[in-house]
Amino acid sequence: QVQLAESGGGSVQAGGSLRLTCAAAGDSFSSYCMGWFRQAPGKAREGLAVISPSSGLPTYVAWLKGRFTISRENAQNTLYLEMKSLQPEDTATYYCAARRGGRCAPVVGDFGTWGQGTQVTVAS
């Protein structure tokens with residue numbers, strides 16, 4: 001079992017940047033596929049990016065267009081999401097999630113372990 005806790009959310013003006021952190025507690029962090037997802041009011045939860053176990057290979061959804069970067073530091077049991085050029089449409093609750101075994105893809109239904117979420121608000 002792994003436990004996840006997000007931090008780093010807040011309010012930022014359009015065009016600004018934020019770095020989100022996900023701290024994981026538990027064994028074998030390096031064996032988990034880790035992902036970032038978000039959910040805006042009135043919308044379904046959607047995938048943003050995942051990063052593979054051990055190798056650290058990232059995969060992004062196409063519509064991000066290079067604005068977000070996912071990374072991990074296995075020695076510290078920590079996952080990051082660097083967000084740039086933020087827009088009001090990025091306002092949402094952001095979640096990290098973990099999956100062990102199977103594919104590593106930014107698909108909500110693939111993940112069973114979730115953090116509590118951190119709020120990101122982007123003002124124009």
Starting at [atom1] of [X], measure out to [atom2] of [Y] and round the result to the nearest 0.5 Å.
| X | Y | atom1 | atom2 | result |
| --- | --- | --- | --- | --- |
| Gln39 | Glu46 | CD | CD | 9.0 Å |
| Arg38 | Thr93 | CZ | OG1 | 11.5 Å |
| Thr21 | Arg19 | OG1 | CZ | 7.0 Å |

Open item on the list: List the residues meeting side chain to side chain donor-acceptor pair (under 3.5 Å) with Glu82, not counting sequence neighbours, and say none if there are none.
Closed with: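 Applying side chain to side chain donor-acceptor pair (under 3.5 Å) to Glu82 gives none.
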
Open item on the list: Per the salt bridge (charged side-chain N to carboxylate O under 4.0 Å, His left out) rule, what does the pair list look like for residues 106-124, sequence neighbours excluded?
Closed with: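 Counting only pairs at least two positions apart or across chains, the salt bridge (charged side-chain N to carboxylate O under 4.0 Å, His left out) contacts touching residues 106-124 are Arg99-Asp110, Arg103-Asp110.
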
Open item on the list: Please check: side-chain N/O of Ser30 versus main-chain N/O of Ser54, any donor-acceptor pairing under 3.5 Å?
Closed with: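 It does not hold such a pair.
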
Open item on the list: Taking Glu6's backbone N and O only, do any of them form a donor-acceptor pair with Gln116's side chain (distance below 3.5 Å, no angle check)?
Closed with: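 Checked: pair present.
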
Please name the pair of heavy atoms, one in [X] and one in [Y], separated by the smallest distance, quoted to 0.1 Å.
| X | Y | value |
| --- | --- | --- |
| Ala49 | Pro106 | N-CB, 4.2 Å |
| Ala97 | Trp114 | CB-CE3, 3.6 Å |
| Cys104 | Ser52 | SG-CA, 3.8 Å |

Task: Hydrophobic cluster of Met34, others only, ordered by chain and residue number, side-chain cut-off 4.5 Å - done: Val2, Leu4, Val12, Leu18, Leu20, Phe29, Tyr32, Trp36, Leu48, Ile51, Tyr60, Val61, Trp63, Leu64, Phe68, Ile70, Leu79, Leu81, Met83, Leu86, Tyr94, Val120, Val122

Open item on the list: Would Arg100 and Thr113 count as a side chain to side chain contact (heavy atoms under 4.5 Å, CB included) here? Give the steps.
Closed with: CA-CA 10 Å; Arg100 197 171 190 177; Thr113 301; over 6 Å; no

Task: Thr118 side chain reached by Ser7 side chain, heavy atoms, under 4.5 Å - done: no

